[in-house]
Amino acid sequence: MAIVVSADDPSGTSILLEPCQGSFYEDFQKSAFDAKLPIAILGAKNVNAEVERLKSAGVMIRPDLDKPEWGLKNMFEDGCGNLLMIDELS
């Protein structure tokens with residue numbers, strides 16, 4: 001289980017991520033993961049800075065999923081079987 005909050009607003013919106021073994025969601029999660037589709041897209045003002053911050057915190061960015069021509073980039077695993085993506089806020 002992981003609770004994710006914004007470094008810019010620690011008291012703002014948070015996301016609870018947890019494994020879904022044994023639930024109805026398990027098949028969907030596996031299908032999305034196998035298809036390399038993100039479960040959630042998180043916004044950042046500066047994606048490059050956020051990616052570097054996450055890397056320095058030990059998060060493994062998945063360069064094998066970095067396909068800008070399809071719009072999918074900066075994807076990482078949350079440790080619970082989900083792929084997440086960071087997108088630049090405009």
Side-chain angles (χ1 to χ4, degrees):
M1 173 180 359
I3 298 176
V4 181
V5 297
S6 168
D8 294 335
D9 187 7
S11 62
T13 302
S14 61
I15 300 171
L16 171 63
L17 304 170
E18 59 182 294
C20 61
Q21 286 87 8
S23 74
F24 69 93
Y25 189 74
E26 189 171 7
D27 289 337
F28 173 77
Q29 179 192 40
K30 182 176 179 344
S31 296
F33 188 89
D34 291 346
K36 300 178 181 172
L37 296 173
I39 290 295
I41 300 171
L42 308 171
K45 293 178 185 174
N46 183 329
V47 168
N48 292 330
E50 189 62 22
V51 166
E52 291 308 312
R53 185 187 74 77
L54 289 169
K55 283 181 184 178
S56 70
V59 173
M60 177 103 158
I61 302 295
R62 295 275 305 264
D64 59 313
L65 300 178
D66 193 9
K67 299 182 186 314
E69 68 272 17
W70 294 99
L72 298 177
K73 57 186 177 180
N74 305 313
M75 300 210 350
F76 61 97
E77 294 182 38
D78 67 359
C80 296
N82 299 297
L83 291 175
L84 303 173
M85 185 174 108
I86 304 170
D87 195 23
E88 189 108 358
L89 296 172
S90 47

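Values reported hereafter were calculated over all heavy atoms of this structure, with side chains retained and with hydrogens, waters and symmetry mates removed.
Between the NZ atom in Lys45 and the CD atom in Glu88 there is a gap of 11.5 Å [rounded to 0.5 Å]. Atom CG of Leu42 sits about 8.5 Å away from atom CD of Glu50, to the nearest 0.5 Å.
Between Asn74 and Ile61, the shortest heavy-atom contact is CA-CG2, 4.4 Å. Nearest heavy-atom pair, Leu37 versus Met75, reported as atom, atom and distance to 0.1 Å: C-CE, 4.4 Å. Nearest approach of Ser14 to Val5, heavy atoms of both residues: CB-CG1, 3.3 Å.
The hydrophobic cluster containing Ile39 also includes Phe24, Tyr25, Phe28, under a criterion of side-chain heavy atoms closer than 4.5 Å among ILVMFWY residues, counted directly or through chains of members.
Under the side chain to side chain contact (heavy atoms under 4.5 Å, CB included) criterion, Glu77 pairs with Phe33, Arg62, Leu83, not counting sequence neighbours. Applying the side chain to side chain contact (heavy atoms under 4.5 Å, CB included) rule to Glu26 yields the partners Cys20, Gln21; only residues at least two apart in sequence or on another chain are considered.
With a 4.5 Å cut-off on side-chain heavy atoms, Val51 and Phe76 do not count as touching.
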